[in-house]
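Worksheet: the structure to be examined is printed underneath.
Proteins come first, then strands; the chains are lettered A, B, ... in the order of their sequence lines, and each starts at number 1.
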Amino acid sequence: MRSPIDLCPAVIQHCGMTDSSEVRVRFAPSPTGFFHIGSARTALFNWLYARHTNGKFVLRVEDTDSARNTPEALAALLDGMRWLGLDWDEGPEVGGDYGPYFQSERQDIYAEYLQKLLDAGRAYEKDDAIFFKLEGERYVEFDKYKNAEVEKVRTEPITVKDAIRGDVTRNVETDFVIRRSNGDYGFHFVNVVDDIAMNITHVIRGEDHLSNTARHVEIYQALGAQPPVFAHLPLILKTDGKGKMSKRDQGSLIEEYVQRKFIPEAVRNFICLLGWNPKDGSEIMPIGDIIEKFDFPGIQKEAARFDEKKMSHINTEYLRALPVETFCWMAGPVLAEAKVIDESTEEDYLHAILAISQEKARDFEGLPELVGPLFNEDFAVDPEAQKRVFKKGEPLTRLAELLPVLEQVDPWCENSLDQAILDLAEKKGQRKFDYFPIARLAVSGQAGGPDLLALLRALGKERVIARMRRFADMQEA
RNA sequence: GUCCCCAUCGUCUAGUCAGGUCUAGGACACUGGAUUUUCAUUCCAGCGACCGGGGUUCGAAUCCCCGUGGGGACGCCA
């Protein structure tokens, strides 16, 4: 079975050599059971940068919070990554030279680095926890935010080199916990230690981490390590209202797009555009082109508002551009799930209907409703459609005239159907198109849909005649 | 409260670094028109923005300052 994601041809095979200049990026999620669009974007941008530079994309699982991190949560994350076509070069299931790739299995490494800090006098124990010790003159100040007296340190300002924002200078002014009193290591510490130990060269993450980065740089310096290049991505804001997008917002979870049958490439293309653009105006493009064009200068500084309409538009564009075979291959399961088709549905008929419906479809979510009547001989007639068709002319007379003519059509193809209706119209002094709306309504119960002649052809003579008779009988009753 | 980041159509953005080619370009959405048997197709058109105030300059969307607005961080969460 083929994956819906086209594994991009533009990805050049990585040469196995370890080059000191090789880019190594990582995505370090904490599996919570959901794959948030913001996390997905961070993963995607790291992946793009790795592929663009022919570097390595590392997946490291920050599962230090044992209460929240379950196997199911991990599976949800990995499934989401795969759905978006984001393959990792090192990490769970694939291994690598810098493992283990679960933080829960890296305790020895943390202990080792902690000892280095302790030995250097840059960490101390207090209240059973271990704190990172800043260097500088100490003083006590009342902190309004914490509403308490706090010990502060006059430190040298830290300048963070950020590939998107330039130099960002900030002071860290309080010692902070690197190992909690329960023995767990804190985020700032493990994050930096892992990045050092895994030889990470570029840290690409959300802007919400920017303020924390000065702390991270303090740790790098205390450990005598060279900080990586940072790249802080703009946040994704709610469609309307205040603040960044959260789990509860419509459209914020990748799972939602999976359920709603969005095309993964379309979702991925849309997420690429959330805070990045190629500067040449192109929006919908193959992933190979995106990889080629992706780089830090194209990344936006300002937070972007999420727009579901644009997401849908891109999805529709992808759907229409699908090769008809792929469209059918993807539509089958959707229709089966919606009980529009089952094992008894003829393969050829299904294919014929889908082939003429693709250009009318907007998304897979709405496909069952669009083609449902074509697979159900007891389809309901849409009252609105009926009202419109019966507004003018004598549709029932036209239908009665049409039926015997259609019975004689041979071969059953668009050309002869067209010709037969044309001849009939001429004979009766009507226009050809006086027959079209009622024919469509009679065979599908709808006022719109695929091209009528193509639809009649696809339905086949037997179905068309039967459906028209049934419709005519219903009108008499 | 303190610190940090940011600021172009309703939304996503191009242009800002290297000031003039910008009466500010594109996309989504919206509105109108054309075509079509229908339509959720296609085509065309319209609507619509440089946050405010100072400064520098012959010239500012672009550089500087001050406001204002938006976002973020300040956990023994990650």
Please state whether the rings of [X] and [Y] are parallel, tilted or perpendicular, taking 30° and 60° as the class boundaries.
| X | Y | value |
| --- | --- | --- |
| A:Phe294 | A:Trp276 | tilted |
| A:Phe364 | A:Phe327 | parallel |
| A:Phe176 | A:Phe132 | parallel |
| A:Phe433 | A:Phe436 | perpendicular |

Rounded to whole Å, how long is the line connecting atom [atom1] of [X] with atom [atom2] of [N]?
| X | N | atom1 | atom2 | answer |
| --- | --- | --- | --- | --- |
| A:Glu173 | B:C3 | CD | C1' | 8 Å |
| A:Glu283 | B:G25 | CD | C1' | 13 Å |
| A:Lys309 | B:C30 | NZ | C1' | 9 Å |
| A:Met285 | B:C12 | CE | C1' | 13 Å |
| A:Arg106 | B:A78 | CZ | P | 16 Å |
| A:Tyr139 | B:U2 | OH | C1' | 10 Å |
| A:Lys301 | B:U62 | NZ | C1' | 13 Å |
| A:Asp280 | B:A14 | CG | P | 12 Å |

Does the side chain of A:Gln300 get closer than 4.0 angstrom to OP1 or OP2 of B:A14 through an N or O atom? yes
Nearest to the side chain of [X], which nucleotide is it out of [options]?
| X | options | value |
| --- | --- | --- |
| A:Asp307 | B:A27, B:A40, B:C28 | B:C28 |
| A:Asn277 | B:U8, B:U13, B:C76 | B:U13 |
| A:Arg320 | B:A40, B:C76, B:C74 | B:A40 |
| A:Lys279 | B:U8, B:A14, B:C74 | B:A14 |
| A:Glu302 | B:U8, B:A78, B:U41 | B:U8 |

What integer number of Å spans the [atom1] atoms of [N] and [M]?
| N | M | atom1 | answer |
| --- | --- | --- | --- |
| B:U8 | B:U13 | P | 9 Å |
| B:G48 | B:G1 | P | 39 Å |
| B:G15 | B:C22 | C1' | 8 Å |
| B:G52 | B:A24 | P | 16 Å |
| B:C64 | B:U56 | P | 15 Å |
| B:U31 | B:G10 | C1' | 14 Å |
| B:A73 | B:C65 | P | 26 Å |

So, [X] and [Y]: side-chain donor and acceptor under 3.5 Å apart, yes or no?
| X | Y | answer |
| --- | --- | --- |
| A:Tyr185 | A:Gln103 | no |
| A:Asp423 | A:Gln419 | yes |
| A:Asn191 | A:Arg26 | yes |
| A:Tyr101 | A:Glu90 | yes |

Only pairs with both distances under 3.5 Å count, Watson-Crick or wobble alike; so what is the partner of [N] in this structure?
| N | answer |
| --- | --- |
| B:C51 | B:G67 |
| B:C9 | none |
| B:A45 | B:U31 |
| B:A73 | B:U2 |
| B:A61 | none |

Its contact letters, B for base, S for sugar-phosphate only and - for none at protein heavy atoms under 4.0 Å, make nucleotides 63-73 of chain B read -------SBBB
Sugar-phosphate only, base, or nothing, as touched by [X] at under 4.0 Å among non-hydrogen atoms:
| X | result |
| --- | --- |
| A:Arg179 | nothing |
| A:Thr169 | sugar-phosphate |
| A:Gly366 | nothing |
| A:His188 | base |
| A:Ala304 | sugar-phosphate |
| A:Arg165 | sugar-phosphate |

Go nucleotide by nucleotide along RNA chain B from the 5' end; which of A:Asp128 and A:Pro437 gets its closest nucleotide reached first? A:Pro437
Per nearest nucleotide of RNA chain B, the residue lying toward the 5' end, A:Glu359 or A:Leu453, is A:Leu453
Can A:Tyr145 be classed as stacking with the base of B:C74, given a centroid separation cut-off of 5.5 Å and a plane angle cut-off of 30°?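 Yes, the aromatic ring of A:Tyr145 stacks with the base.
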Distance, nearest 0.5 Å, that separates CE of A:Met468 from CG of A:Leu399: 6.0 Å
When A:Leu417 is tested against each of A:Leu452, A:Leu456, A:Val405 for side-chain contact (heavy atoms from CB on, under 4.5 Å), which residue passes? A:Leu456
B:A29 base / A:Lys310 side chain donor-acceptor hit below 3.5 Å: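 Counting by modelled atom types and ignoring angles, no donor-acceptor contact under 3.5 Å is found here.
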